[in-house]
Protein chains: 2
Amino acid sequence: MGTTQLETAPETKYWHLKTVIGEALDSEFAVGEILPNERDLAARFGVARATLRQALEQLELEGRLQRRRGVGTTVAPPRMGVAVGAAGNGWPGSSGDAWQPADCTQEIPPAVVAELLGTGADEAVHVLRRSRMYSGQPVAADLLYVPAASVPDLSAIDIPDGVTRARVVLRELQLLGFEGEDRAVELGSARADDARQLDRLPGAPVLLVTTRYFGHGGRTAAVSVATYRADTCRLTFGGDVEFHSEQERRAS
Amino acid sequence: MGTTQLETAPETKYWHLKTVIGEALDSEFAVGEILPNERDLAARFGVARATLRQALEQLELEGRLQRRRGVGTTVAPPRMGVAVGAAGNGWPGSSGDAWQPADCTQEIPPAVVAELLGTGADEAVHVLRRSRMYSGQPVAADLLYVPAASVPDLSAIDIPDGVTRARVVLRELQLLGFEGEDRAVELGSARADDARQLDRLPGAPVLLVTTRYFGHGGRTAAVSVATYRADTCRLTFGGDVEFHSEQERRAS
DNA sequence: CAGTGGTCTAGACCACAAG
DNA sequence: TTGTGGTCTAGACCACTGA
């Protein structure tokens with residue numbers, strides 16, 4: 001007898017599983033609904049738990065599932081469109097800025113950042129820690145590096161409160177005005193501290209957005225390294241119009 | 001006796017391994033160098049191969065390693081900065097366009113795209129398949145959807161060659177001029193066909209760039225869905241100046 | 001406490017590239 | 001044919017959540 005399947009491409013088990021479960025999510029599950037636990041699912045599909053997990057990992061990477069230790073696996077809502085650059089997010093600290101300052105210290109930045117800033121390798125700069133919320137969820141953490149030269153009027157910083165220090169630096173920065181910005185997006189994995197802020201485990205996939213802000217004369221006035229949750233975020237650029245992702249379509 | 005380690009955070013094995021290997025890559029390996037195979041590495045570190053692999057996966061996700069079946073694991077070159085939008089990549093088909101058309105058919109687009117285009121759910125549109133190379137490597141595959149209404153002068157398309165058809169559509173599109181564009185970036189995993197084009201396995205992490213091109217009157221004239229290799233690419237936006245990533249710093 | 005997902009093991013076999 | 005990374009298994013234990 002021939003195989004009942006046509007001689008198609010050899011498909012791995014977890015890939016096929018991912019497809020099957022993905023289709024089931026579209027047709028049989030609502031957002032927020034809890035899936036059976038991994039052991040049951042694995043048994044139901046007749047595979048080892050590790051294989052089932054490989055499929056779930058893929059679906060989580062694509063933002064279709066959300067897994068939380070001690071709780072379970074739920075159907076994720078569509079990714080939220082998070083505006084990056086443009087509208088209300090141009091110059092750090094401008095009105096409507098989506099970022100919420102959390103702290104400000106003076107530190108020697110990583111060599112990467114120092115090079116972008118054009119500061120010396122052992123020169124301390126202001127480091128603002130900021131976080132960004134959306135619909136009540138943390139979506140991004142970032143570090144904003146501001147060289148002392150960019151905010152010359154801050155002679156004596158003896159403000160005890162970090163948040164206040166942050167606001168002062170931002171205000172100074174805002175007074176400067178700016179000429180443009182530069183942006184790069186790449187895939188990364190959450191460091192331990194970012195992971196904590198983003199309510200994820202270390203190593204979770206994140207979108208790393210590095211922005212250079214140019215002051216007058218083309219000098220780099222500040223550099224921001226933002227870490228967005230890759231599972232829940234879709235970064236949008238230019239244009240204020242929101243548009244819908246595949247998931248939002250499915251949900252409606 | 002107390003533990004010789006300070007009571008630090010409990011760190012998983014693979015995470016620690018990732019850190020150790022990552023540091024070794026910085027100090028003891030050159031770009032392109034081949035690492036020992038997974039079985040040897042696992043034995044050397046006294047862990048199961050699966051655990052070792054978990055660490056390597058992280059490093060590959062961060063673009064620091066490249067693994068190829070049947071070949072081995074090599075130290076990856078720094079991610080290449082790939083310009084998206086702006087300079088020479090504005091309107092599809094404009095001079096200096098980095099995309100190379102490969103084919104053109106007429107198909108009914110996925111519902112997601114149809115909605116973005118504002119076409120009917122069962123209306124066929126031109127589908128241009130394009131690919132993008134960089135330094136001799138494929139970095140992205142994309143599908144450009146062009147509604148028939150956007151290129152009205154193509155009454156009878158009986159051109160046999162797909163590439164030629166693609167060029168004709170692009171030329172028509174170019175004659176229209178455009179008013180702006182809209183972009184979104186999110187994490188995805190490579191479909192089987194994209195994976196083949198990008199020389200990766202299915203499910204490989206990719207950066208999904210969805211672009212809406214607006215014609216005169218704010219109408220959506222075309223939609224492009226581009227799939228960039230997340231391991232080798234850093235997407236850059238705005239500003240023609242290239243800047244260096246952490247890895248480029250390490251390499252220099 | 002019971003139940004979840006996260007980590008880890010020690011094996012096996014498969015698909016692929018290159019000699 | 002050999003050696004590589006990729007897949008898969010069946011089990012164990014851990015870390016965390018919430019009742």
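Atoms considered below: every heavy atom in the structure, side chains included; atoms not considered: hydrogens, waters and symmetry mates. In the text below, chain A, chain B and the rest are named by the order of the sequence lines, each starting its count at 1.
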Does the distance from a Lys or Arg side-chain N to an Asp or Glu carboxylate O, for B/Glu60 and B/Arg68, drop under 4.0 Å? no

Roughly how many Å is it from CZ in B/Phe45 to C1' in C/dC8, rounded to a whole number? 17 Å

Do the rings of B/Phe237 and A/Phe237 sit parallel, tilted or perpendicular, given the 30° and 60° boundaries? parallel

Starting from P on C/dC8, measure out to NZ on B/Lys18 and report it in whole angstrom. 14 Å

Distance in angstrom units between A/Ile34 CD1 and D/dT17 P, rounded: 15 Å

Less than 4.5 Å apart, side chain to side chain, heavy atoms only: is that true for B/Leu35 and B/Leu25? yes

In whole angstrom, what separates B/Leu17's CG from C/dT9's C1'? 14 Å

Heavy atoms from other residues, nucleotides or ligands near CZ of B/Arg49 exceed 12 (cutoff 6.0 Å): yes

Base contacts versus sugar-phosphate-only contacts with protein, heavy atoms under 4.0 Å: please encode nucleotides 2-7 of chain D as B, S and - from 5' to 3'. -BBBBB

Any carboxylate oxygen within less than 4.0 angstrom of a Lys/Arg side-chain nitrogen, looking at A/Asp231 and A/Arg67? no

Kindly determine whether B/Glu115 and B/Arg212 satisfy salt bridge (Lys or Arg N to Asp or Glu O under 4.0 Å), including the steps that lead there. CA-CA 11 Å; B/Glu115 191 178 343; B/Arg212 279 198 299 187; over 6 Å; no

